[in-house]
Amino acid sequence: MRNGLRWVSAAMVLSALPFVSHAVESGVKVGFMLPYSGTYAALGSAITNAFKMAINENGGKLGGRDVVYYAVDDASDPSKAVSNANRLIKRDDVDVIVGTVHSGVAVALAKVAKESGTLLIVPNAGANEVTGVMCAPNIFRTSFSNWQTSYAMGNVVAGHKHKKVVTVTWKYAGGIQQIEGFKESFEKSGGEIIKEMYVPFPNVEFQSFLTEIAGLKPDAVYVFFAGGGAVKFVKDYAAAGLKGKIPLYSPGFLTDGTLEAQGTDADGILTTLHYADGLNTPRDNAFRAAYARDFKMEPDVYAVQGYDAAQLLIAGAKATRGDMSKKSAVIAAMESATIDSPRGAFTISKAHNPVQDIYLRKVEGGHNTVVGVAAKALEDPAPGCKM
Ligand code: PHB
């Protein structure tokens with residue numbers, strides 16, 4: 001009897017408490033799937049650093065809730081992409097994946113995200129199909145499509161009266177699609193690709209290719225390399241005696257985050273990209289100062305993309321006060337967001353890719369100085385996207 005009484009009184013106390021639907025609100029779980037080793041290691045850490053910086057600027061919260069981070073090093077290895085993605089989804093039960101850098105890994109990751117419905121924000125990899133034929137309500141990108149960054153350069157190279165061009169890239173989706181984007185606009189402008197060269201990813205033995213280029217004597221060379229491989233290519237190009245003889249063009253990944261290591265070998269290279277040094281807007285200046293203060297280095301395009309991935313997620317989480325289970329409300333808020341990016345404000349296309357200006361930049365004194373806008377508010381055509 002005494003036990004029964006005690007039970008009744010406990011129940012009465014509980015029922016007298018105000019109703020709280022979630023006695024303990026859980027934090028928002030963010031899973032980074034990025035390269036922290038290999039040729040793209042520096043890209044993964046720039047994305048992670050700047051993502052966290054944006055969250056810290058937001059009081060360390062998403063929709064008012066704490067943020068819990070998980071991370072997996074994908075090593076830019078497509079063969080491990082599915083198991084790495086499932087580790088974050090099934091073991092860590094993350095609310096959102098932020099990944100990745102390498103296009104081949106991104107396609108596998110997007111497939112898992114599409115099948116599981118996990119919210120995915122791609123903070124670099126340009127694989128066209130991610131916001132093309134594979135597009136899905138839960139998949140967003142805050143970087144670029146491979147088509148976007150290279151398509152903008154075709155007219156520039158043709159405008160410089162270069163008629164015959166040799167292309168060189170790593171043989172994987174990222175490189176192949178960048179070359180295709182360039183080729184499309186360059187040929188439309190009357191140019192001709194006289195040779196396409198492919199190097200296995202992530203090899204950096206460029207000598208035989210450079211010897212062949214010297215023999216072919218094209219008007220210009222168009223390449224796609226990034227990270228550690230970009231540093232090596234630019235240095236080897238100069239060492240082979242080609243710098244100053246055959247102009248080198250590229251999407252801006254060739255010279256972003258790499259200039260300190262490339263030194264004067266990079267001087268004068270023209271590139272196209274959705275970010276540049278010296279934009280000199282209050283927004284970019286504040287971002288650059290904060291990044292330099294926190295990480296003792298200058299930010300690059302990868303940092304901007306990571307920062308904007310967080311800004312996009314902040315917009316989504318705000319709509320539901322951090323309740324990430326309300327997926328359609330989170331997605332609707334992300335779709336209608338205008339991101340106040342250091343690169344310049346951008347909106348999200350129907351296929352969930354940035355609609356953005358592509359700058360023409362020139363390497364001068366260790367910076368990718370903005371020269372002009374190569375393509376204004378460029379939107380990826382997103383072939384095959386049905387949403
Ligand atoms: C890609 O694989 O899509 C990729 C990788 C590194 C870059 C740009 C694109 O800097």
Side-chain angles (χ1 to χ4, degrees), residues 33-48 50 74-79 81 98-110 120-132 134 139 141-153 167-182 198-204 222-234 250-259 261-262 266 269 271-276 299-306 308-309 343 353-354 356 358-359 361 368 380:
M33 180 165 147
L34 289 165
Y36 297 112
S37 60
T39 202
Y40 290 157
L43 288 59
S45 50
I47 290 165
T48 308
D74 71 30
S76 297
D77 183 350
S79 74
V98 177
T100 186
V101 165
H102 179 287
S103 272
V105 179
V107 167
L109 167 60
L120 170 65
I121 303 178
V122 180
N124 183 71
N128 293 332
E129 52 272 56
V130 166
T131 57
M134 296 179 74
I139 299 176
R141 178 153 55 196
T142 57
S143 49
F144 57 91
S145 73
N146 286 321
W147 178 89
Q148 260 180 328
T149 44
S150 279
Y151 182 82
M153 189 52 117
T167 64
V168 197
T169 188
W170 277 314
K171 191 171 188 169
Y172 84 101
I176 292 166
Q177 293 180 354
Q178 290 278 344
I179 299 303
E180 280 171 1
F182 170 76
Y198 294 98
V199 186
F201 179 86
N203 285 10
V204 291
Y222 187 75
V223 304
F224 165 82
F225 291 105
V231 172
K232 176 84 168 26
F233 187 86
V234 167
S250 174
F253 312 110
L254 188 71
T255 56
D256 234 82
T258 55
L259 287 177
Q262 288 162 336
I269 299 178
T271 63
T272 39
L273 202 65
H274 47 291
Y275 188 57
D300 53 23
V301 69
Y302 310 106
V304 171
Q305 295 167 170
D308 292 342
R343 75 187 85 169
N353 192 62
Q356 56 193 342
I358 307 293
Y359 300 102
R361 312 116 44 91
N368 288 293
D380 184 273

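Note that the numbering runs from 1 along the sequence shown for the chain. In each ligand, atom 1 is the first atom listed, and ligand 1 is the first ligand listed. Worth knowing before you read on, the calculation uses all heavy atoms, side chains too, and leaves out hydrogens, waters and symmetry mates.
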Check the angle between the aromatic planes of Phe224 and Trp170 and answer parallel, tilted or perpendicular using the 30° and 60° thresholds. perpendicular
Numbering the atoms of ligand 1 from 1, which are under 4.0 Å from a heavy atom of Ala226? 6 (C), 7 (C), 10 (O)
Interfacing atoms of ligand 1 (cut-off 4.0 Å, heavy-atom, His102): 2 (O)
For ligand 1 and Tyr172, I'd like to know whether there is a polar contact (N/O to N/O, distance under 3.5 Å). yes
Which word best sums up how the rings of His102 and Tyr172 line up, parallel for under 30°, tilted for 30 to 60°, or perpendicular for over 60°? parallel
Using a distance-only test with no angle check, is there a side-chain donor-acceptor pair under 3.5 angstrom linking Tyr151 and Ser145? no
Can an N or O of Tyr302 be found at a distance shorter than 3.5 Å from an N or O of ligand 1? yes
Numbered atoms and elements of ligand 1 in range of Ala125, under 4.0 angstrom, heavy atoms: 3 (O)
Could you pull out, from Asn124, Asn146, Leu254, the option with a heavy atom nearest to atom 7 (C) of ligand 1? Asn124
Considering only non-hydrogen protein atoms, determine which one is nearest to atom 4 (C) of ligand 1 and report residue, atom name and distance to 0.1 Å. Val101 O, 3.4 Å
Between Glu180 and Asn128, does any side-chain donor sit less than 3.5 Å from a side-chain acceptor? no
What distance separates Phe253 CZ from Thr272 OG1, expressed to the nearest 0.5 Å? 8.5 Å
For Thr48 and Tyr36, test the side chains for any donor-to-acceptor distance below 3.5 angstrom and give the result as yes or no. yes
Ser103 versus ligand 1: do any nitrogen or oxygen atoms come within less than 3.5 Å of each other? yes
Determine whether the side chain, the backbone, both or neither of Phe144 has a heavy atom under 4.0 Å from any heavy atom of ligand 1. side chain
Sub-4.0 Å atoms of ligand 1 with respect to non-hydrogen atoms of Gly126: 3 (O)
Below a 4.0 angstrom heavy-atom separation, can you tell me which part of Phe224, side chain or backbone, both or neither, approaches ligand 1? side chain
Distance (rounded to the nearest 0.5 Å) between Asn368 CG and Leu259 CG: 5.0 Å
Has Val105 got any heavy atom lying under 4.0 angstrom from an atom of ligand 1? no
Do Thr169 and Phe182 have side chains that get closer than 4.5 Å, going by heavy atoms? no
